[in-house]
Amino acid sequence: MSDAAPGPPDDPGERLPDRVLTIPNALSVLRLAGVPVFLYLLLGPRADGWAIALLMFSGLSDYLDGKIARWLDQTSRLGALLDPAADRLYTLATIVAFVLRDIVPWWVAAVLVARDLLVAGCIGLLRRGGFAPPEVTYIGKAATFNLMYAFPLLLLAQGASTAATIARPIAYALAIWGAGLFLYSGLLYVVQTRTALRHHPGPVCI
């Protein structure tokens, strides 16, 4: 998410190609296809080791699709939608599973889900005003990075083994930092949306 207000409506500099068949898009589709498998592994057989491996693959592919898109000049409008969608779905799936397994309290999940609903509302308002959504920047990526490392460590922290004892403080530290950055990036979305729509000549406002 950008630290600057969204660009003007129909700004040609903000337009992305309509390419579909690209390597980054294929990686994003694979990440999305893994979400229901990941949720099943956590809630069905509780195969935490396989779930952690799938989550690690998701984090690696998230890193690679951005690098490849820039390296091969394969950025696209579809990719700009798929990449954050996969991040959000993995985060949501993990939170739901952790609440059902009593790893995190329900109110933590409620706060994080409410943040995503608020951001979705901001994006809807921006689209009505003719603006593209703000780009994801380092704050949002840092939040995802912390949470993606916190989630497998929280799974590892369950139990009374030596590994669980070592992982527990690291897992909670990453989870707290990740959740804090996640909420802060949502607050920036609200501020940017308000700033953009206040200066918009149309009737849309918040």
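- The environment of CG in Leu117 is crowded: more than 12 heavy-atom neighbours from other residues, nucleotides or ligands sit within 6.0 Å.
- The closest donor-acceptor contact from the side chain of Tyr149 to the backbone of Ile170 lies at 3.5 Å or more, if one exists at all.
- Residues Leu82 and Val37 share a hydrophobic cluster, clusters being chains of Ile/Leu/Val/Met/Phe/Trp/Tyr side chains in contact below 4.5 Å.
- Proximity of a side-chain donor or acceptor of Arg115 to a complementary backbone N or O of Leu183 within less than 3.5 Å is not detected.
- Atoms CG and CG, from Leu92 and Asp116 in turn, are 7.5 Å apart once rounded to the nearest 0.5 Å.
- The shortest heavy-atom contact between Ala160 and Thr165 is O-OG1, 4.4 Å.
- Here the side chains of Val119 and Ile123 are in contact, with some heavy-atom distance below 4.5 Å.
- At distances below 3.5 Å, at least one donor-acceptor pair connects side-chain atoms of Arg101 with backbone N or O atoms of Leu42.
- Here Leu43 contributes atom CG and Phe98 contributes atom CZ; the two are 10.0 Å apart, rounded to the nearest 0.5 Å.
- Of all heavy-atom pairs spanning Phe131 and Ala196, the tightest one is CZ-O, 3.9 Å.
- Annotation for Ala51 and Leu41: closest pair N-CD1, 3.9 Å, computed over non-hydrogen atoms.
- At a threshold of 4.5 Å between side-chain heavy atoms, the hydrophobic network of Ile, Leu, Val, Met, Phe, Trp and Tyr places Tyr90 and Leu174 in two separate groups.
- One hydrophobic cluster, built from ILVMFWY side chains closer than 4.5 Å, cannot hold both Leu125 and Leu81; they sit in different ones.
- The number of heavy atoms from other shown groups lying within 6.0 Å of CZ (Phe57) is above 12.
- Distance alone, capped at 3.5 Å, places no donor-acceptor pair between the Gln74 side chain and the Ile68 backbone.
- A side chain to side chain contact (heavy atoms under 4.5 Å, CB included) with Thr193 is found for one member of Leu197, Val191, Val190 and no other, namely Leu197.
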Inset, instruction - Report the C-alpha distance between Thr162 and Ile166 in whole Å, list the side-chain angles of each, state the deciding distance to 0.1 Å, and finish with yes or no for side chain to side chain contact (heavy atoms under 4.5 Å, CB included). - result: CA-CA 6 Å; Thr162 302; Ile166 295 172; 4.0 Å; yes
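- By the criterion of side-chain heavy atoms lying less than 4.5 angstrom apart, applied directly or through intervening Ile, Leu, Val, Met, Phe, Trp or Tyr residues, Phe182 is not grouped with Trp177; the two fall into different hydrophobic clusters.
- The two residues Ala109 and Val99 have their closest heavy-atom pair at CB-CG2, 3.4 Å.
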Inset, instruction - With side chain to side chain contact (heavy atoms under 4.5 Å, CB included) as the test, would you mind laying out the steps for Leu55 and Phe38 before giving the verdict? - result: CA-CA 8 Å; Leu55 197 62; Phe38 175 70; 4.0 Å; yes
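- For the atom pair Leu187 CG and Gln192 CD, the distance stands at 10.0 Å (nearest 0.5 Å).
- Residues Ala93 and Val35 come closest through the heavy atom pair CB-CG1, 4.1 Å.
- Using modelled atom types, no side-chain atom of Ser58 and backbone atom of Leu54 make a donor-acceptor pair closer than 3.5 Å.
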Inset, instruction - List the steps and the verdict of side chain to side chain contact (heavy atoms under 4.5 Å, CB included) for Arg31 and Leu89. - result: CA-CA 10 Å; Arg31 289 172 63 213; Leu89 285 175; over 6 Å; no
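- Nearest heavy atom pair, residue Leu181 against residue Ala142, reads CD1-CB, 3.9 Å.
- Atom CG of residue Leu156 and atom CZ of residue Arg168 lie 9.5 Å apart, to the nearest 0.5 angstrom.
- Considering CD1 of Ile139 and OH of Tyr184, their distance stands at 5.0 Å, rounded to 0.5 Å.
- Side-chain heavy atoms closer than 4.5 Å link hydrophobic residues (I, L, V, M, F, W, Y) into clusters, and following such links, even through other members, never connects Leu153 to Val108.
- For the atom pair CD1 of Ile176 and CG of Asn146, the computed distance is 11.0 Å after rounding to the nearest 0.5 Å.
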